[in-house]
Amino acid sequence: MRMTQLLIPTLRENPADAEVVSHQLLVRAGYLRKVASGLYNYLPLMQRVLKKISQIVRDEMDATGAQELLMPILQPAELWKDSGRWEVYGKELIRLKDRHERDCVLGPTHEEVITTIAKNELASYRQLPMNLYQIQNKYRDETRPRFGLLRGREFIMKDAYSFHTSQEDLEREYQVMADAYTRIFNRCGLETRMVQSDSGAIGGNVSHEYMVLTRIGEDEQQSGENDVYHCSNCDYAANANHASSILSPANTTGDKSAAEVVDTPNATSIESLENDFNIPATIILKSLIYIVNEDIPVMVLIRGDLAVEETKLKNSIQDALEIRLATDEEIKDLTGGSAKGFVGPVELPKPIDVIADTSVLELKNFAVAFNQVDKHLVGVNWDADISTPKNVTDIRLAQVGDTCSACKQGTLEMTRGIEVGNIFQLDTKYSKMMNATYADEDGVEKHFVMGCYGIGISRTAAAAVERYHDDYGIIWPLAIAPYHVVVVPVNTEDETQMTLATQVYEQLQAAGVEIVIDDRDARAGMKFKDADLIGFPIRITAGKKAGEGLLEVKMRDQKESQDLTVEQILPFVQQQFETWKPLQQQPAAVG
RNA sequence: CGGGAUGUGGCGCAGCUUGGUAGCGCACCUGCUUUGGGAGCAGGGGGCCGCAGGUUCGAAUCCUGUCAUCCCGACCA
């Protein structure tokens, strides 16, 4: 294509409303324009990148035997009421009414629709297993869209759904998908890590996320990244909302002491107890009150130095849709006049359900508040002073340095990553809710065992920019670049340069190379700046040495350039395709 | 949904405190000179100053309301 005919509106300055690098660069380089908060026009360059990524996804999905179809964005509310998610999904679900006042939704995902297809069209075990996928726009009414394409209200996603007769077959397909995902991201040039995760609103048992690893360790500004914990010894990796760990034991030596009351004026925090009253955080029993579904109070017990992981907590409470910390007034009401910092599981006016983290069981001679302001009990022991909690589970946020719960040898480290894919074992959650069944060998109707597998197409593009850029602009991996090559005639009025540039342009184009000729009557500096900003992997310049028949070839990710003749150009470019290897990351085994 | 900020040609911003007929840089159009890292000179076009009320002889500027956008938090594929 000729640059003069392309819509590539580059900007000299960063847009004022873009915070993260991928957003800034995609707007500046002419890929993206905002329509409204969280909604974007994908300009021609962006569309080409999205098509590249989509095609890689299609190739690999098709290679596994999955079949592509397309389901509607606009869906009837009935389906969502059938699955129960009309109530569960919350405000992120975009709901609207049609002219007949019928409730509708814009699909954030398509489990309901696909399960209906299975229900209606798959009648026999002979048709199973089956894996169906689509690449489609998705809608989520984010409370706060931000980070450009990393969290929009509309995004493009590949979503696949598989149907099976058994858990074993689901697990087989799950591994097939895990391997396909690794190949997909490798081909996109992205290093990913598969991590265990919480399955959230999608539901189900086992789930993993694919994270593009970005910065390591630095405490920089957020950019749509998540914390990823991984083991220094084995290949265990998990999202913060799922990571488990083995704690270094607290001080549990010594004889049991007798409990006594101490005055702790104004000790409303763990730090205060530690600093002002010399009570180590590791022997404090921290008590928090959460309100579940705006209704039911729950007391949460955890060791003083640890933090509650709220997703884990929510998952441990049956039917919990929403949880939050109690307000000061609620604390006062529930504890008979106590206040933050002095809440405890003893001497409550009315009993409150208690959920304890596993960390509290081994506490000995510990300190605890008992709903008396400015007082704590110390030297407390389970059973002797307080009955041991019955509802004990892992609800804590893992800490860097904790012992790995998988291999029990390594320690947990943390890195940051952008989630670009996820895979779930749904089991029979949706098929049961929507009563989707098939006839098995005995003629008995059984619920489909299901899996679902997502890849954020638009998010993957943004993640690639986050991962591959420099001060001058984007550095696309060859496989997902909008064009492979840009030819820059330094001076369009110089006939020698233009002739040579045109010759190369036509030759490469004829050979199937995706190429742009920058035929704008502009200064060389501007063309170079734009080429760097846009991120063409290969730049060919027809300049000073055009008279000698030489062109300057430079790779976007390298500093040096070399001079080649017209005859040498095509072999050189073809060599780049051959030597540009997708990452050779090995697929992970699903644990 | 809580806290904070901002809305002025396509983009980035000044002007607002102290009301008086809207300005700068980039981009755009014309001409000339330039042509290897975002050129120079000359000329030119484009703005209901987010929107709606109000105060005033007069409002981008002051007041009220409203909408939108962004940041922090809560939430999250």
Side-chain angles (χ1 to χ4, degrees), chain A residues 9-20 23-24 27-28 30 33-39 89-93 107-110 136-159 197-202 207 209-211 221-222 224-226 239-241 310-311 314 321-325 327 418-424 452-460 462-463 471-473 488-494 497-498 518 520-533 539 541-546 551-552 554 561:
Chain A
T10 59
L11 300 172
R12 187 187 294 246
E13 293 168 275
N14 274 329
D17 56 7
E19 188 74 4
V20 299
H23 189 192
Q24 290 174 339
V27 172
R28 261 192 74 201
R33 286 294 185 268
K34 186 171 70 181
V35 175
S37 181
L39 302 173
Y89 218 98
K91 290 179 186 156
E92 267 104 58
L93 183 63
T109 173
H110 282 71
Q136 177 65 293
N137 282 6
K138 305 287 182 185
Y139 297 83
R140 294 184 59 90
D141 197 357
E142 292 286 347
T143 45
R144 190 181 160 205
R146 52 181 153 173
F147 311 134
L149 290 190
L150 291 172
R151 183 168 312 151
R153 289 192 288 175
E154 177 185 82
F155 53 98
I156 303 173
M157 195 160 142
K158 185 282 300 182
D159 48 325
S197 72
D198 175 65
S199 42
I202 307 288
S207 73
E209 293 176 352
Y210 280 76
M211 315 289 286
Q221 264 189 322
Q222 281 204 359
E225 301 167 319
N226 297 334
N239 217 327
N241 62 26
E310 294 193 353
T311 302
K314 192 161 93 175
L321 300 180
E322 196 207 339
I323 59 168
R324 62 169 173 83
L325 277 167
T327 62
I418 298 169
E419 182 190 348
V420 288
N422 51 43
I423 53 179
F424 297 91
C452 85
Y453 319 92
I455 289 180
I457 304 287
S458 44
R459 182 182 261 195
T460 297
D471 291 345
Y472 301 103
V488 180
V490 166
N491 182 353
T492 49
E493 285 171 22
D494 182 314
Q497 291 180 12
M498 267 313 272
D518 194 345
R520 293 176 298 173
D521 179 21
R523 302 174 71 83
M526 199 182 118
K527 296 185 186 182
F528 292 151
K529 290 280 187 197
D530 272 352
D532 288 347
L533 183 60
R539 188 183 80 199
T541 307
K544 285 177 197 143
K545 295 175 188 159
L551 297 133
E552 179 186 287
K554 180 181 173 298
S561 61

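Each chain gets a letter, A, B and so on, in the order the sequences are listed, and its residues count up from 1. Here the structure is a predicted model, which means the values were calculated and not measured.
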Legend entry - A/Asn14 CG - B/G25 C1' separation (whole Å): 16 Å
Inset, instruction - Have a look at A/Phe155 and say if it touches a base, only the backbone sugar-phosphate, or nothing, with a 4.0 Å heavy-atom cut-off. - result: base
Inset, instruction - State whether the distance check finds a donor on one side and an acceptor on the other, under 3.5 Å, for side chain A/Asp532 versus base B/G37. - result: yes
Legend entry - Under 3.5 Å on both distances, the Watson-Crick or G-U partner of B/A60: none
Legend entry - Complementary nucleotide of B/C16, counting Watson-Crick and G-U pairs under 3.5 Å: none
Inset, instruction - Check whether the side chain of A/Arg151 and the base of B/C76 form a donor-acceptor pair under 3.5 Å. - result: yes
Inset, instruction - Using only side-chain N and O atoms of A/Arg144, determine if any of them is under 4.0 Å from OP1 or OP2 of B/C70. - result: no
Legend entry - Watson-Crick or G-U counterpart of B/C41, or none if no pair lies under 3.5 Å: B/G31
Inset, instruction - Give A/Arg28 one of three labels, base, sugar-phosphate or nothing, depending on what nucleic acid heavy atoms sit under 4.0 Å from its own. - result: base
Inset, instruction - Using a 4.0 Å heavy-atom cut-off across all strands, classify A/Lys314 as base, sugar-phosphate, or nothing. - result: sugar-phosphate
Inset, instruction - Mind calculating the distance between CG (A/Leu150) and C1' (B/A77) to the nearest angstrom? - result: 11 Å
Inset, instruction - Look through every strand shown and name the nucleotide pairing with B/C70 as Watson-Crick or G-U wobble, where both distances are under 3.5 Å. - result: B/G4
Inset, instruction - May I have the distance from A/Glu19 (atom CD) to B/C72 (atom P), rounded to whole angstrom? - result: 6 Å
Legend entry - Complementary nucleotide for B/C51 - Watson-Crick or wobble, under 3.5 Å: B/G65
Inset, instruction - Give A/Glu310 one of three labels, base, sugar-phosphate or nothing, depending on what nucleic acid heavy atoms sit under 4.0 Å from its own. - result: sugar-phosphate
Legend entry - Side-chain donor/acceptor of A/Arg146 to base of B/G73, under 3.5 Å: no
Legend entry - B/A74 base / A/Thr143 side chain donor-acceptor hit below 3.5 Å: yes
Legend entry - Base B/G37 to side chain A/Arg539, donor-acceptor N/O within 3.5 Å cut-off: yes
